[in-house]
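These notes are about the structure you will find just below.
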Amino acid sequence: MPKLDESLLRDIPPFRRLETRAIREILDQAVPRRFDAGDAVFREGHEATRFYLLLDGTIRVMRTTPTGEQVISLHIPAGQLFGIAAALGRDTYPATAHCAGECLTLSWPMSLWQAFVARYDGFAEEGYKTVGVRVSEMNQRIMELATRRVEQRIAGALLRLVNQTGRKVEGGIEIAFPITRQDISEMTGSTLHTVSRLLSQWEKEGIVTSRRKHVTVTDPHRLVVIAEG
DNA sequence: TCATTAAGTATGC
DNA sequence: GCATACTTAATGA
């Protein structure tokens, strides 16, 4: 296998402050892998043997309810660590990680987490910062579920997705992975019918455009106005 | 204000 | 041509 290039990690926050030699050491211990859309990288409750860096794609974090339903917990954009159970003091994964589209990852044995934290400047801070951002996002969603109307929650969810994974296209910002109305309804505690109805309405009003499994926000500001109610 | 039901059309392997 | 994605209207909690 060819050696991985140092430029892969150079601009990614947990590694940004490291010297080339340190990045080389880290890469030499990494296992690269490609996943197809829908593949599970790891599953909830399984022993947390490795932690991951998402090089490309989007990860959909799913939790299973007591009745066996899968609900979308959050999405993780490219460039972030995930499956970092060791940072949470756990030895099993707290959720299942599905690939929302095609994904490229690097992974390391979880036993290296403590070594990385001890040896590499800035690695620990970035890891815990990542955890903090995710916790606050989940809190924001819990607040929304309790206090906002469906229309506001769906607008908020779309804004979060374009902020995290959006890529510029002509006429707007497109959510960078395949997403269905069913997916959006699961993220917002709604139904696919309500999401469909709202997207159709917003399309008429020039706020979004969509086709099968693709959503583009054309007027983010008006979506913000809707989200804030 | 929304979910649910129902009955359709559109899309892509 | 089949399964999946999506739309729309009607009904009622």
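Just so it is clear: chains get the letters A, B, ... in the order the sequence lines come, proteins before strands, and each one is counted from 1.
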Arg167(A)/Glu174(A) ion pair, N-O < 4.0 Å: yes
Under-4.0 Å salt bridge between Glu137(A) and Arg134(A): no
Non-hydrogen side-chain atoms of [X] and [Y] separated by less than 4.5 Å:
X: Val61(A); Y: Thr96(A); answer: no
X: Arg141(A); Y: Arg160(A); answer: yes
X: Pro77(A); Y: Thr58(A); answer: no

List the atom pairs, donor and acceptor, that lie under 3.5 Å between side-chain atoms in residues 118-125 of chain A and the rest of the protein, sequence neighbours left out.
| residue | atom | partner | partner atom | Å |
| --- | --- | --- | --- | --- |
| Tyr120(A) | OH | Glu25(A) | OE1 | 2.7 |
| Asp121(A) | OD1 | Arg17(A) | NH2 | 3.4 |
| Asp121(A) | OD2 | Arg17(A) | NH2 | 3.4 |

[X] [atom1] to [N] [atom2]: how many Å, rounded?
X: Gln201(A); N: dT8(C); atom1: CD; atom2: P; answer: 11 Å
X: His214(A); N: dT4(C); atom1: NE2; atom2: P; answer: 18 Å
X: Leu199(A); N: dC6(C); atom1: CG; atom2: P; answer: 9 Å

From Ser107(A) atom OG to Leu53(A) atom CG, the distance as rounded to the nearest 0.5 Å: 10.0 Å
Residues 221-229 of chain A, side-chain donor-acceptor partners within the protein, below 3.5 Å, at least two apart:
| residue | atom | partner | partner atom | Å |
| --- | --- | --- | --- | --- |
| Arg222(A) | NE | Asp219(A) | OD2 | 3.2 |
| Arg222(A) | NH2 | Glu205(A) | O | 2.4 |

Please produce a list of atom pairs where a protein N or O lies less than 3.5 Å from an N or O of nucleotides 1-3 of chain B.
| residue | atom | partner | partner atom | Å |
| --- | --- | --- | --- | --- |
| dC2(B) | OP1 | Val150(A) | N | 2.9 |
| dA3(B) | OP2 | Thr194(A) | OG1 | 2.5 |

For DNA chain C, the residues among residues 170-185 of chain A that have a non-hydrogen atom under 4.0 Å from it: Thr180(A), Arg181(A)
Salt bridge (Lys or Arg N to Asp or Glu O under 4.0 Å) partners of Glu47(A), counting only residues at least two apart: none
Atom pairs under 3.5 Å, N or O on each side, protein against nucleotides 7-13 of chain B: can you list them with distances?
| residue | atom | partner | partner atom | Å |
| --- | --- | --- | --- | --- |
| dT11(B) | O2 | Arg212(A) | NH2 | 3.2 |

Single hit among Trp108(A), Phe42(A), Trp113(A) for ring pair (Phe, Tyr, Trp, His ring centres under 6.0 Å) with Tyr52(A): Phe42(A)
